[in-house]
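First the structure, in the form of structure tokens, and then the observations on it.
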Amino acid sequence: MEIKTQIEKAKVGDQVAFTALLDYYWNEVYGFMLQRTQNETDAEDITIETFAKAFDKIATYNPEFQFNTWLISIAKNAHIDMLRKKKSTLFIDITDEEDSQAYNIADSSPSAEDKLITEQNLSRLLQCIKELKPHYQEVIQLRYFQELSYQEISEELEEPLSNVKIKLLRAKKLLAEIIKNKR
């Protein structure tokens, strides 16, 4: 009964309920994906994506089915999507002309123009990050600029691992919105 209550609360946007559901089902979804992918990073990425999609679409959840079954089906689809993306990047059709051009490239280091574009993009990204609330800025900083693991961030912030994952998930969504609105 407790899980059904949490699901109902989550459907009306209760953040504590989201966290409770993530805590309760994280190991099950992650374990399932780890068996499928045999890769901890992929399993973690897919699990995070699964919860993000589940929380975005929680209003469509049908209580006639088990919640964990619903999560696992989302995870399977996320895994299939990931495999498709990887496969499409592995097999890119290249013409003979493009192939010979690739071999004739003398220097692969970025040009001054490339460096300037990268710096401008980074500057724009940093401006967008500054629009986030400070606690979201902090998790983005720790994860993507200091390249800490989720566990290291959890220890640094003295917060539960699930809170760090949700906070990072929300920070990325909010950042994407800010970037989209600036275009």
Side-chain angles (χ1 to χ4, degrees), residues 2-59 61 67-68 70-72 74-79 81-82 85-86 118-183:
E2 170 69 20
I3 292 299
K4 287 183 180 176
T5 306
Q6 296 295 349
I7 292 168
E8 290 309 311
K9 287 180 177 179
K11 281 185 175 184
V12 294
D14 184 325
Q15 299 301 316
V16 175
F18 283 136
T19 304
L21 290 169
L22 183 121
D23 285 343
Y24 190 80
Y25 289 107
W26 177 269
N27 289 340
E28 183 176 351
V29 175
Y30 176 76
F32 176 79
M33 288 318 306
L34 188 57
Q35 277 187 318
R36 278 182 75 125
T37 63
Q38 301 293 307
N39 179 307
E40 289 179 12
T41 305
D42 286 347
E44 191 171 82
D45 289 347
I46 292 168
T47 304
I48 290 170
E49 185 178 339
T50 298
F51 282 99
K53 286 181 179 179
F55 294 155
D56 282 346
K57 305 287 186 203
I58 197 154
Y61 167 68
F67 192 70
N68 60 338
W70 185 63
L71 287 173
I72 294 295
I74 293 171
K76 285 180 182 176
N77 289 333
H79 183 222
D81 290 345
M82 184 192 83
K85 285 178 191 169
K86 281 186 177 179
T118 302
E119 285 173 22
Q120 286 174 343
N121 287 341
L122 181 59
S123 174
R124 234 180 275 136
L125 177 62
L126 291 172
Q127 285 302 112
C128 292
I129 290 172
K130 285 180 184 172
E131 292 182 31
L132 293 171
K133 290 181 180 174
H135 60 275
Y136 290 139
Q137 289 180 27
E138 185 177 30
V139 291
I140 293 277
Q141 170 73 24
L142 292 171
R143 181 71 176 151
Y144 297 104
F145 293 95
Q146 294 182 26
E147 298 182 350
L148 298 183
S149 70
Y150 292 107
Q151 188 62 48
E152 290 168 330
I153 296 170
S154 172
E155 291 164 9
E156 172 89 15
L157 299 178
E158 296 176 0
E159 288 187 24
L161 187 60
S162 59
N163 286 12
V164 168
K165 290 175 181 174
I166 288 179
K167 202 181 277 188
L168 195 56
L169 185 68
R170 289 205 182 96
K172 289 193 297 189
K173 282 187 175 188
L174 291 169
L175 186 58
E177 294 265 322
I178 290 169
I179 291 168
K180 191 173 98 178
N181 293 335
K182 291 215 179 224
R183 285 190 178 161

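These values consider heavy atoms only, across backbone and side chains, with no hydrogens, waters or symmetry-generated copies. Count residues from 1 along the sequence.
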Side chain to side chain contact (heavy atoms under 4.5 Å, CB included) between Leu71 and Leu21, worked out: CA-CA 11 Å; Leu71 287 173; Leu21 290 169; over 6 Å; no
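- The CZ atom of Phe55 sits 7.5 Å away from atom OG1 of Thr19, with the distance rounded to the nearest 0.5 Å.
- Pairing each heavy atom of Ala75 with each of Ile46, the nearest pair is O-CG2, 3.7 Å.
- Applying the ring-ring contact (aromatic ring centres under 6.0 Å, His included) rule to Tyr150 yields no partners; only residues at least two apart in sequence or on another chain are considered.
- How far CD of Glu147 is from CD of Gln141: 11.0 Å, rounded to the nearest 0.5 Å.
- For Glu28, the side chain to side chain contact (heavy atoms under 4.5 Å, CB included) criterion is met by Tyr25, Asn68, not counting sequence neighbours.
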Worked verdict on Lys76 versus Phe32 for side chain to side chain contact (heavy atoms under 4.5 Å, CB included): CA-CA 9 Å; Lys76 285 180 182 176; Phe32 176 79; 3.6 Å; yes
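- We find the CG-CD1 distance between Leu168 and Ile166 to be 11.0 Å, quoted to the nearest 0.5 Å.
- More than 12 heavy-atom neighbours from other residues, nucleotides or ligands sit within 6.0 angstrom of NZ on Lys173.
- Using a 4.5 Å cut-off on side-chain heavy atoms (C-beta onward), Lys9 and Val16 make no contact.
- For Asp81, the side chain to side chain contact (heavy atoms under 4.5 Å, CB included) criterion is met by Lys53, Arg84, not counting sequence neighbours.
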Derivation of the side chain to side chain contact (heavy atoms under 4.5 Å, CB included) call for Glu156 and Gln146: CA-CA 12 Å; Glu156 172 89 15; Gln146 294 182 26; 5.8 Å; no
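- In terms of heavy-atom proximity, Pro160 sits nearest to Ser154 at C-OG, 3.8 Å.
- Between Glu49 and Asp45, the closest side-chain pair of non-hydrogen atoms is not below 4.5 Å.
- Looking at every heavy atom in both residues, Arg143 comes nearest to Ser149 through NH1-CA, 3.5 Å.
- Rounded to the nearest 0.5 Å, atoms NZ (Lys165) and CH2 (Trp26) are 3.5 Å apart.
- Of the candidates Leu22, Ile74, Ile48, Thr47, Thr47 is the only one forming a side-chain contact (heavy atoms from CB on, under 4.5 Å) with Val29.
- A search for ring-ring contact (aromatic ring centres under 6.0 Å, His included) contacts involving Tyr24 returns nothing, not counting sequence neighbours.
- Atoms OG and CG, on Ser162 and Asn27 in that order, are 10.5 Å from each other to the nearest 0.5 Å.
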Check against side chain to side chain contact (heavy atoms under 4.5 Å, CB included), Asn163 and Leu157: CA-CA 10 Å; Asn163 286 12; Leu157 299 178; over 6 Å; no
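- Atom OG1 of Thr50 is separated from atom CD1 of Ile72 by 8.0 Å, given to the nearest 0.5 angstrom.
- For Ala17 against Ala10, the heavy-atom pair with the smallest separation is CB-N, 3.6 Å.
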Identify all side-chain donor-acceptor contacts of residues 34-41 below 3.5 Å with residues at least two apart in sequence or on another chain.
{"unit_1": "Arg36", "atom_1": "NE", "unit_2": "His79", "atom_2": "ND1", "d": "3.2"}
{"unit_1": "Thr37", "atom_1": "OG1", "unit_2": "Met33", "atom_2": "O", "d": "2.8"}
{"unit_1": "Thr37", "atom_1": "OG1", "unit_2": "Asn39", "atom_2": "N", "d": "3.3"}
{"unit_1": "Thr37", "atom_1": "OG1", "unit_2": "Asn39", "atom_2": "O", "d": "3.2"}
{"unit_1": "Gln38", "atom_1": "NE2", "unit_2": "Gln35", "atom_2": "O", "d": "2.8"}
{"unit_1": "Asn39", "atom_1": "OD1", "unit_2": "Thr41", "atom_2": "N", "d": "2.9"}
{"unit_1": "Asn39", "atom_1": "OD1", "unit_2": "Asp42", "atom_2": "N", "d": "2.9"}

Listed pairs under 3.5 Å, donor-acceptor, residues 125-140 side chains, sequence neighbours left out:
{"unit_1": "Glu131", "atom_1": "OE2", "unit_2": "Lys182", "atom_2": "NZ", "d": "2.5"}
{"unit_1": "Gln137", "atom_1": "NE2", "unit_2": "Lys130", "atom_2": "O", "d": "3.1"}
{"unit_1": "Gln137", "atom_1": "NE2", "unit_2": "Leu132", "atom_2": "O", "d": "2.7"}

